Amino acid sequence: MQPQKNEQEWEQVNGLDRAFASRFAKNMFFTLLTIVMLSFIGSRFFTHLDLNLYGYMVGTIIFLAGFFYRFMAWAERPPTKVFIQKGKKLLFRKNTASTSVDHMVSHKFIWNRGIYRWTQHMLIGWGCILSCFVTFPLVFGWMYFTMAENGMYTVVFMSIDVMEVRADGLLAWLFYNALNISAIMVIAGVCMALYRRLKNEKQCAEQTFIYDFMPLYLLLFISVSGLLLTVTNVFFAGFMQPTISLIHQYAVIVTLIYLPFGKLAHIPIRPLSVLAKNYKLHYGEQEMKKCHHCGNEFIAAEQSADVIDVLRQNGMEYKTEDGVHLAELCLPCRRETRLQMFKHASASMLSVGRGERT
Amino acid sequence: MTKSVLYLELDNCIGCRSCLAACTQCGGHDEKYRNYVVDVNPLVDTQTMPLMCLHCVNPACARSCPAQAIQIHETGAVLSARVEKCIGCQNCTIACPYGIPKFDVEQNLMYKCDLCIERTQHDIPPMCASVCPTNTLQWLTKEQLAMKKEQNVLDNGKWIASSDHYLENETNVHISLPGILQKKQKLF
């Protein structure tokens, strides 16, 4: 929720912001405007829109509303704001590309957590990304196929004839079956994840149906219903195809609406890890914080100051008797300080009250 | 909230580090321990004290997490960072006033004591308290804790481990200070 602006603040707001009731409204408007413009260009003035897919369009708009609602509030949290504001200024560092690949493409950190988990995550993650890359350009008319001469398909992307492929060639086969391939990837990944969740004791204890299982079941349902469309077309002459198509479409829409609010919300959060890495590297190179007790460098000075500020905003100010903030001590010294505090406040020096001590 | 709470009687610690060994065996801890046993006066005497996450009611680690990866269980336990959300910024390690969270650089992941949530949510003692041979770590019912409080109240009306004196904030884990058992017959 944005705080109400007073008169002076309104004067500082620029003209464009004045046109909208809130930042949410502004973001929604410009995002939708961009999509409409891209569709206008991509579909050659709306002449190549596939209206069979209009349900996904509506689903996407509702998803965007949920996305902005959830993540605009998230981005306003004091610690998040620090990383976004400082991190985006450091986007042009040399290591951004390699960090982005590690964190968002190859998921190296998940590999380090276990090969099984990495495999399931790669299958689910890349299966979903592949399906999005195919579905959304088709929905908004950014990509479509035309047949200029018999036996050859022309792939059109953003109104540009990108390539011609043989209708019975390997490349065309991959195009037709991209969603089937992605569905198989997701089904395999989800089955691995479900197996792990049912077998791993720690997972069994912590997981909840709504948070941990529902996204897996949703992805499974979408993938299976999507594959059924192919099965019914190829083996059953399209039996119940329109019904399955609608069920599949509804499942996708429900998942899109759910995405910003459940476990899948980690997808939009992940790019922040690249900003955080840049932030740590950049400010670490500038100045490291020396522990007030032992003098060891333990974290970037900027980050230490930022955390102290974030805690202050949350009404937390943890200081030692000599006025040093605990965030200015390295972890071993912080533990040492606490224990010394316990030791010197020994109960033997205090008068303990009534009752038989047992 | 669970029926029971974790209570640390620092006087009892003999430095056996059974709690650390037990911690490694908790499901999901990947054989890494998440608490500490510290020598209070190294090379002077053998006094040791355990230190672990005190599961603050208003945890600084969660407040400082930009990804909302640290969540509070309905029992009051402050859980380890959710693996899918943790972005490896280490804000939590800087924010914690007790210096508890650990960071795995390879996995880009913070991990900390989760009070063995798969056990404690069913009122089973956490691994550390289950194995502590000297009752330093105790899993007490609310009634037992009230008895301790009654026994250890100071003449100024404060409890021996009242938060405003020796801790930074209100915590779900309770601590009694060393010396509380002095001149007292121990039952173990």
Side-chain angles (χ1 to χ4, degrees), chain A residues 74 77 79-80 82-84 103 109-110 112-113 200-206 263 265-266 269-270 272-273 276-277 279-280 299 303-304 306-307 310-311 314 316 318 326-327 329-336 338-343 345-358, chain B residues 10 26-29 36 38 40 47 49 51 58 60 63-68 79 82-85 87-91 93-101 104 106-109 114 117-119 121 150-155 160 165-166 168-169 175-182 184-185 187:
Chain A
W74 171 72
R77 295 180 71 248
T80 318
V82 168
F83 281 106
I84 291 176
H103 287 201
F109 60 99
I110 304 180
N112 293 332
R113 292 173 192 176
N200 186 308
E201 287 176 9
K202 176 78 174 173
Q203 299 300 332
C204 288
E206 282 188 4
K263 192 169 193 173
H266 76 274
I269 289 177
R270 185 47 57 185
L272 191 66
S273 70
K277 177 92 176 174
Y279 169 94
K280 278 164 64 177
I299 202 82
Q303 191 173 2
S304 173
D306 282 340
V307 171
V310 164
L311 291 179
N314 280 290
M316 298 169 175
Y318 302 137
L326 287 169
L329 303 182
C330 68
L331 272 78
C333 284
R334 226 177 295 167
R335 293 192 290 271
E336 181 69 21
R338 183 67 44 188
L339 292 185
Q340 291 302 330
M341 201 187 287
F342 286 160
K343 194 180 125 194
S346 170
S348 60
M349 292 186 279
L350 301 164
S351 171
V352 179
R354 60 198 177 277
E356 188 64 30
R357 293 199 266 153
T358 53
Chain B
L10 296 179
C26 189
H29 284 201
Y36 305 86
V38 183
V40 181
Q47 189 183 7
M49 288 185 200
L51 195 58
N58 185 15
R63 292 284 177 195
S64 65
C65 177
Q68 294 176 307
L79 301 179
R82 290 209 69 101
V83 292
E84 78 276 5
K85 281 189 180 168
I87 58 165
C89 67
Q90 289 181 271
N91 262 10
T93 61
I94 309 168
C96 174
Y98 309 110
I100 302 299
D104 188 317
E106 291 295 308
Q107 298 187 17
N108 199 37
L109 178 69
D114 52 5
I117 193 65
E118 73 276 27
R119 295 167 64 89
Q121 67 178 338
E150 175 75 15
Q151 290 157 9
N152 299 340
V153 72
L154 299 177
D155 54 4
I160 204 73
H165 272 60
Y166 312 110
E168 300 298 328
N169 46 14
I175 294 183
S176 75
L177 297 175
I180 191 75
L181 301 176
Q182 218 166 53
K184 202 184 83 173
Q185 187 185 359
L187 298 179

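Since this is a predicted model, take the numbers as computed values, not measurements. Basis for what follows: all heavy atoms, side chains included, without hydrogens, waters or symmetry-related copies. Just so we're on the same page: letters track the sequence lines, and every chain starts at 1.
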Query raised in the report: Under a 4.5 Å heavy-atom cut-off, does chain B meet the side chain of A:F83, its backbone, both or neither?
Result: side chain

Query raised in the report: Got a donor-acceptor contact below 3.5 angstrom from the B:T93 side chain to the B:P101 backbone?
Result: no

Query raised in the report: Taking the side chain from B:Q107 and the backbone from B:V83, do they hold a donor-acceptor pair closer than 3.5 Å?
Result: no

Query - Donor-acceptor contact below 3.5 Å, side chain A:Y318 vs main chain B:C96 - result: no

Query raised in the report: What heavy-atom pair brings B:A67 and B:I87 nearest, and what distance separates the two atoms?
Result: CB-CG2, 4.2 Å

Query raised in the report: Which residue out of A:I299, A:D306, A:V310 racks up the most heavy-atom pairs below 4.5 Å with chain B?
Result: A:I299

Requested in this report: Among the options B:N108, B:N91, B:L109, pick out the one with the most heavy-atom pairs lying under 4.5 Å from chain A.
Outcome: B:N91

Query raised in the report: Just by modelled atom types, is the B:C65 backbone N or O under 3.5 Å from a matching donor or acceptor in the A:R77 side chain?
Result: yes

Query raised in the report: What part of B:N58 gets closer than 4.5 Å to chain A, counting heavy atoms only: side chain, backbone, both or neither?
Result: both

**Report entry** Residue pair B:P66 / A:W74: nearest heavy atoms and the distance that separates them
**Finding:** O-NE1, 2.9 Å

Report summary line: Bottom line for A:R113: the part with an atom under 4.5 Å from chain B's heavy atoms is both

Query - Interface moiety of B:I94 toward chain A, non-hydrogen atoms closer than 4.5 Å - result: both

Requested in this report: Using non-hydrogen atoms and a 4.5 Å limit, figure out which bit of A:R335 sits close to chain B: side chain, backbone, both or neither.
Outcome: both

**Report entry** Atom group of A:L272 that falls short of 4.5 Å from chain B, counting heavy atoms
**Finding:** both

Query raised in the report: Which answer fits B:R119, side chain, backbone, both or neither, if we ask what part of it has an atom under 4.5 Å from a heavy atom of chain A?
Result: neither

Report summary line: Of the listed A:L326, A:L329, A:I269, the one with the largest count of heavy-atom pairs under 4.5 Å with chain B is A:L326

Query - Minimum heavy-atom distance B:V40-B:M49, with the two atoms named - result: CG2-CG, 3.7 Å

